[in-house]
Structure formats: structure tokens, C-alpha cells
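The structure under discussion appears below in the form of C-alpha cells.
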Amino acid sequence: MADEHAMEIEFRSDVVVELIKAAASDADVLWAARVSTKGENSLAEVDADPERSKGLINFLMRDRHGTPFEHSSMTFYVKAPIFVFREQMRHRTFSFNEESGRYRRLEPVFYVPGPDRRLVQEGKPGKYVFVDGSPEQHKLVTEVTKESYRQAYRAYTEMLEAGIAREVARSVLPVGLYSSMYVTCNARALMNFLSLRVKREDAKFPSFPQREIEMVAEQMEAEWAKLMPLTHAAFEANGRVCP
């Protein structure tokens, strides 16, 4: 059996989101919208009247003319627990490529909720809130999850060292294991994701995301807001509704 003490297991409570590349600007929206009435546009035409451009983007957002927001592309690198990816992959307008446990040995990096993670759910489905757990509950979660991860990775390592295929051995690993993937989307797809995965009191439609995927969404939104500030401002001003 593998020596547990020889395994350098890492426990963490964050997520990593990095913008790898982007072809995304407010001008992309304006070109796409104006082609329906003016034909081909030039950059000079787009920049000639900033207030008019701002008004057009707000009009498109308000009246939900969504296709002009599809002419952009952003690729993110995301490192997060597997259970976060399973939620994110529900958004089928995104493109995903994830690291594979069939072809590489998976590293022992596991998610443990941080001290600010609310642990207790109160209320009925569809109408519930999460509240802070007690110190005893936080201690229990930390100790139990860490021990479970150690046991699971020990079993995984034991099978690998016995010659078992990686695709078989990985079956014992929990969804709290960190994975990594590239995620590509356009602005419209991202707005749909953000409308569902970020909780905001000023949103027109309420959303109740799991905190861990919200952490990913918040970082994606921060990067997108820098790329397309007018579009992001219009999204906020119109109740965070995807056009």
C-alpha cells in the first residue's frame, strides 16, 4: 500500500480564473447591430459618437436584441473542484476542454470549504437561505472532508502502483478534487451564465447559485467588464437579464 505520509496532499478553498485570450469589445456589438441598417461599418463610424454608441448598446440590451452580442470570443483557464465544472457544463453554449484522468495521473489537490463558507441550509426548496455554521460544524466539515480525501487518494495511488489503468483507478476520487479546463464563450453566453450563477439583489430575476460556481462567475465577470465596459454597464442597468 502507498505510504500516506509520502503523499503531498494540498487542501485549498479558492478557484482560479485567468483570461487566456479574447477578441471582445463593445465595437463588436456595434458593428453587428449597425450592419442591418448601414451595411459594412468602419471603426471610425463606431467611435464617432460615443454617447450614441452607448445608447445603441443599451437599446439592444433593454429590448433583448441578442445576436449582436454573439460576435465576440473569450477563452478562460479555470481551476476548480470537479463539482463546479459539472454545474458549469450545464451551459452548453460554452466550449470546454478539461484535463483527463484517463491520460494523466491526477494531482492530490482537494477543496475544503473556507471559514467564510456558509454551511447550513434553512427553508424549503425554492425558498431557502444559507447561514453560517457553528465553529463545531466548520471543524467537522474540515476534518471529515480532509480524512475522506486522504483515504480516497490513498486508494487511487495503491491501484496505480499495482498497475491498474488510470481510467479505472480514478473512479474512487471524489468531486472535491480540483480539475482544470479551458472555457470559451461569447458575451451573450457569458451574460446568460452570469444571470444564473451570480446572486445580486438588483437583478430582475432572482438567482441562488452554489457559492463555489459563483466564485468562478465573479472572476469571469470582472475580466469581461474590462473588455466590454459599455456592454457590461448596460447588462447591469437592465437588471442583469441576458438579451
Side-chain angles (χ1 to χ4, degrees), residues 1-22 73-92 94-119 133 137-185 189-190 193-194 197-198 209-224:
M1 179 179 294
D3 181 2
E4 177 182 350
H5 299 291
M7 296 184 295
E8 296 182 4
I9 295 181
E10 179 183 351
F11 302 113
R12 56 193 298 177
S13 57
D14 64 332
V15 299
V16 175
V17 177
E18 298 174 1
L19 181 66
I20 301 301
K21 62 178 181 177
S73 177
M74 292 161 279
T75 297
F76 299 91
Y77 169 81
V78 182
K79 185 177 182 69
I82 289 173
F83 68 82
V84 172
F85 288 180
R86 297 304 165 259
E87 287 199 340
Q88 190 158 11
M89 288 175 178
R90 299 278 295 174
H91 296 264
R92 293 183 290 277
F94 284 41
S95 296
F96 304 99
N97 276 92
E98 185 182 358
E99 68 177 277
S100 174
R102 295 186 67 192
Y103 305 119
R104 66 183 298 269
R105 177 172 174 150
L106 299 171
E107 298 298 318
V109 183
F110 295 95
Y111 176 77
V112 177
D116 59 342
R117 176 55 159 101
R118 295 179 174 178
L119 298 181
Q137 287 172 319
H138 276 279
K139 183 174 183 291
L140 175 66
V141 168
T142 299
E143 292 178 351
V144 170
T145 53
K146 285 184 176 181
E147 179 54 34
S148 176
Y149 292 150
R150 291 189 184 100
Q151 181 178 349
Y153 200 77
R154 184 167 57 240
Y156 173 68
T157 303
E158 182 179 0
M159 284 191 281
L160 292 181
E161 292 181 351
I164 305 300
R166 287 183 290 265
E167 66 183 50
V168 176
R170 66 176 175 170
S171 64
V172 299
L173 294 173
V175 293
L177 181 79
Y178 275 74
S179 186
S180 61
M181 67 177 176
Y182 288 107
V183 181
T184 299
C185 61
L190 183 59
F193 174 69
L194 297 176
R197 303 300 183 176
V198 176
Q210 183 166 339
R211 178 54 190 153
E212 288 77 10
I213 196 169
E214 186 178 39
M215 290 160 61
V216 171
E218 287 170 344
Q219 293 187 48
M220 285 186 168
E221 181 167 2
E223 295 291 347
W224 170 58

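Starting from 1, each residue takes its place in the sequence as its number. Heavy atoms only: backbone and side chains are in, while hydrogens, waters and symmetry mates are out.
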Quiz item: Can you tell me if CZ on Arg92 sees more than 12 non-hydrogen neighbours from other groups inside 6.0 Å?
Solution: no

Exercise. Let me see the working for Phe76 and Val216 under side chain to side chain contact (heavy atoms under 4.5 Å, CB included), right down to the final yes or no.
Key: CA-CA 10 Å; Phe76 299 91; Val216 171; over 6 Å; no

Exercise. Side-chain contact test, heavy atoms from C-beta onward, threshold under 4.5 Å: evaluate it for Tyr178 versus Val84 and give yes or no.
Key: no

Exercise. Identify the heavy atoms of Val168 and Ser171 that sit nearest to each other, and give their distance.
Key: O-OG, 2.8 Å

Quiz item: Roughly how far apart are Leu119 CG and Arg211 CZ, rounded to 0.5 Å?
Solution: 13.5 Å

Quiz item: Is there a side-chain contact between Met220 and Val183 (heavy atoms, below 4.5 Å)?
Solution: yes

Quiz item: In terms of heavy-atom contacts, does CZ of Phe94 have more than 12 from other residues, nucleotides or ligands at under 6.0 Å?
Solution: yes

Practice problem: Report the distance from atom CZ of Phe193 to atom CD of Glu221, rounding to the nearest 0.5 Å. | Solution: 10.0 Å

Exercise. Looking only at non-hydrogen atoms, find the nearest pair between Phe85 and Ser180 and report the distance.
Key: CE1-N, 3.6 Å

Quiz prompt | Whether over 12 other heavy atoms sit under 6.0 Å from Asp14 CG | solution = yes

Quiz prompt | Closest approach of Met181 to Glu98 (non-hydrogen atoms, all atoms of both residues) | solution = CB-CA, 3.6 Å

Exercise. Walk me through it: do Met159 and Val172 pass the test side chain to side chain contact (heavy atoms under 4.5 Å, CB included)?
Key: CA-CA 10 Å; Met159 284 191 281; Val172 299; 3.5 Å; yes

Quiz item: Any side-chain heavy atom of Arg105 sitting closer than 4.5 Å to one from Thr157?
Solution: yes

Quiz item: Does a side-chain N-to-carboxylate-O contact under 4.0 Å join Glu87 and Arg90?
Solution: no

Quiz item: Which atom pair, heavy atoms only, marks the closest approach of Glu107 to Leu177?
Solution: O-CD1, 3.3 Å

Quiz item: Does the side chain to side chain contact (heavy atoms under 4.5 Å, CB included) test come out yes or no for Glu18 and Glu223, once each step is laid out?
Solution: CA-CA 8 Å; Glu18 298 174 1; Glu223 295 291 347; over 6 Å; no

Exercise. Please check if the side chain of Thr142 supplies one atom and the backbone of His138 the other of a donor-acceptor pair under 3.5 Å.
Key: yes

Quiz item: Mind checking whether Phe110 and Tyr149 have parallel, tilted or perpendicular rings, split at 30° and 60°?
Solution: parallel

Exercise. From the options Glu218, His91, Gln210, select the one residue that forms a side chain to side chain donor-acceptor pair (under 3.5 Å) with Arg197.
Key: His91

Quiz prompt | Residue pair Pro81 / Val15, side-chain heavy-atom distance below 4.5 Å | solution = yes

Practice problem: For Ser13 and Pro113, work out which heavy atoms get closest and say how close. | Solution: CB-C, 4.2 Å

Self-check item: Side-chain (Tyr156) to main-chain (Leu106) donor-acceptor, under 3.5 angstrom
Solution: yes

Self-check item: Minimum-distance pair of heavy atoms, taken over all atoms of Pro174 and Ile82
Solution: O-CD1, 4.3 Å

Exercise. Check whether any side-chain heavy atom of Gln219 lies under 4.5 Å from a side-chain heavy atom of Val78, and answer yes or no.
Key: no

